[in-house]
Amino acid sequence: QAFPTWEMVRTSPPAAIEAVIKSCGLAETKTARVQAILQLLHDERGECSLEHLREASDEAVKRVLGSYKGVGAKTISCVLMFC
């Protein structure tokens, strides 16, 4: 694993993350958005975790995730299905 924790993703140089996810396409954009979300979580909650949403209603999860730039309906649906 290149980045075993979300904290490592948050603090790593963008180029390092882009190199790992480049095969997925739009690596630069995705890296910037993921790091921005992780930084926001760290600033607001003191950790890079969405664990606080585990017991939230689907509507609350949709509202929170939808507020993050770059997180759309498809990503939100995947989170709700698998988490």
Side-chain angles (χ1 to χ4, degrees):
Q1 252 182 351
F3 303 97
T5 67
W6 288 115
E7 181 64 19
M8 290 180 73
V9 174
R10 181 181 74 84
T11 60
S12 291
I17 299 164
E18 291 164 15
V20 173
I21 66 170
K22 68 181 175 184
S23 65
C24 299
L26 301 171
E28 192 173 320
T29 299
K30 289 177 182 178
T31 295
R33 289 182 178 169
V34 167
Q35 284 190 309
I37 292 168
L38 291 171
Q39 186 62 52
L40 182 64
L41 287 168
H42 183 268
D43 292 347
E44 290 180 352
R45 305 197 61 82
E47 62 181 345
C48 298
S49 173
L50 292 172
E51 196 62 34
H52 64 283
L53 296 177
R54 188 171 295 280
E55 301 302 321
S57 69
D58 287 357
E59 290 306 313
V61 172
K62 288 177 187 178
R63 187 174 53 255
V64 171
L65 295 181
S67 72
Y68 300 136
K69 184 176 181 176
V71 178
K74 184 177 175 183
T75 300
I76 293 168
S77 294
C78 288
V79 169
L80 288 172
M81 280 192 322
F82 297 109
C83 297

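The model shown is predicted, which means the values in this text are computed figures rather than measured ones.
- Taking the salt bridge (Lys or Arg N to Asp or Glu O under 4.0 Å) definition, one finds that Glu28 meets it with nothing, sequence neighbours left out.
- Partners of Ser23 according to the side chain to side chain contact (heavy atoms under 4.5 Å, CB included) rule, which considers only residues two or more places apart in sequence or in another chain, do not exist here.
- When the salt bridge (Lys or Arg N to Asp or Glu O under 4.0 Å) test is applied to Glu59, the partners found at least two apart in sequence or on another chain are Lys62.
- Atom NZ of Lys30 is separated from atom CD1 of Ile17 by 13.5 Å, given to the nearest 0.5 angstrom.
- Hydrophobic cluster membership of Met81, counting Ile, Leu, Val, Met, Phe, Trp and Tyr whose side-chain heavy atoms lie under 4.5 Å apart directly or via other members: Phe82.
- Inter-residue side-chain proximity for Leu65 and Thr75 is flagged as unmet; no heavy-atom pair is nearer than 4.5 Å.
- Legend: residues meeting side chain to side chain contact (heavy atoms under 4.5 Å, CB included) with Ala60, ordered by chain and number and at least two apart, are Ala56, Ser57, Arg63.
- A distance of 11.0 Å separates CD in Gln35 from CD1 in Ile37, rounded to the nearest 0.5 Å.
- Here salt bridge (Lys or Arg N to Asp or Glu O under 4.0 Å) pairs that include residues 32-56, with residues two or more places apart or in two chains, are Glu51-Arg54.
- Looking at Leu53 and Val79, their side chains never come closer than 4.5 Å, going by heavy atoms from C-beta outward.
- Of all non-hydrogen atoms in Ala19 and Lys22, the two that sit nearest each other are O-CG, 3.6 Å.
- In this structure, the side chains of Leu41 and His52 come closer than 4.5 Å at one or more pairs of heavy atoms.
- In terms of heavy atoms, His42 sits closest to Cys48 at CB-SG, 4.2 Å.
- Under a hydrophobic clustering in which Ile, Leu, Val, Met, Phe, Trp and Tyr are joined whenever their side-chain heavy atoms come within less than 4.5 Å, directly or via other members, Leu80 and Tyr68 fall into the same cluster.
- Taking hydrophobic clusters as Ile, Leu, Val, Met, Phe, Trp and Tyr residues chained together by side-chain heavy-atom distances below 4.5 Å, Leu38 shares a cluster with Phe3.
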